[in-house]
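Sending over a structure as structure tokens; questions will come in a sec.
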Amino acid sequence: VGGASELAFNIIPVIEKAGGKVLVRAPVSEILTNRGKVCGVRVTRGSTKEGIDIFAPIIISNAGLYNTFEQLLPKTISAKSYYTDICKGLKPGMAAMNVFVGMNKSGKELKLKKHSIW
């Protein structure tokens, strides 16, 4: 059946075939810039928290608006973006969680009701 991890497992070969790299358990501590343009990321490695710089022509942040503009980008860069003003108005919200369950009977056979819990 799989689950959400199947997305990653199936997209990794596509990224690697195109010349990209996928790192896991490599927390980004900073988005690197050069002459006002994003050029890479700094990741921490191992228990020493040693910083390793990784450079690429395209950087995509999936850390969310607040984390990207308030935590990862240098203030000299993020201050120039209108997103920074948006971040100032953000308030913490509820998180979401998905549960994927595989069953060998239908929902009807198991007498499951359709509903969401909020």
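Computed from a predicted structure; not experimentally measured.
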hydrophobic_cluster_shared for Ile15 and Val43, side chain cutoff 4.5 Å: no

Nearest non-hydrogen partners of Ser81 and Phe69, listed with the distance: OG-CE2, 3.5 Å

Joint cluster assignment, Leu73 & Tyr82, ILVMFWY side-chain distance < 4.5 Å: yes

Donor-acceptor contact below 3.5 Å, side chain Ser29 vs main chain Thr44: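 Answer holds: no.
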
Donor-acceptor under 3.5 Å (Lys75 side chain, Glu70 main chain): yes

Nearest heavy-atom neighbours spanning Val38 and Ile31: CG1-CG2, 3.5 Å

Cluster link Ile12 to Val28, ILVMFWY, side chain under 4.5 Å: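 No; tracing contacts between hydrophobic side chains, which count when under 4.5 Å, never links both residues.
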
Close side-chain approach of Leu23 and Ile54, heavy atoms under 4.5 Å: yes

Atom pair CD1/SG of Ile58 and Cys39 - distance to nearest 0.5 Å: 13.5 Å

In one Ile/Leu/Val/Met/Phe/Trp/Tyr side-chain cluster, 4.5 Å: Ile77, Tyr83: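 Cluster IDs for Ile77 and Tyr83 match.
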
Heavy-atom pair with the smallest gap, counting every atom of Met103 and Leu110: SD-CD1, 3.2 Å

Smallest separation among heavy atoms of Pro74 and Thr33, with atom names: CG-OG1, 3.9 Å

Over 12 non-hydrogen atoms of neighbours within 6.0 angstrom of CG in Asn62: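 For Asn62, atom CG is not crowded (no more than 12 foreign heavy atoms under 6.0 Å).
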
Minimum heavy-atom distance between Thr68 and Gly64, given as atom pair plus value: OG1-O, 2.7 Å

Straight-line distance of Lys88 NZ to Tyr66 OH, nearest 0.5 Å: 11.0 Å

CZ/Phe55: more than 12 non-hydrogen atoms of other groups inside 6.0 Å: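 Yes, CZ of Phe55 has more than 12 neighbouring heavy atoms, counting only those of other groups under 6.0 Å.
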
Cluster overlap Leu72 with Val41, hydrophobic side-chain contacts below 4.5 Å: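 Per the 4.5 Å side-chain linkage, Leu72 and Val41 are co-clustered.
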
Asp53 and Arg42, any side-chain heavy atoms less than 4.5 Å apart: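 Yes, at least one pair of side-chain atoms sits under 4.5 Å.
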
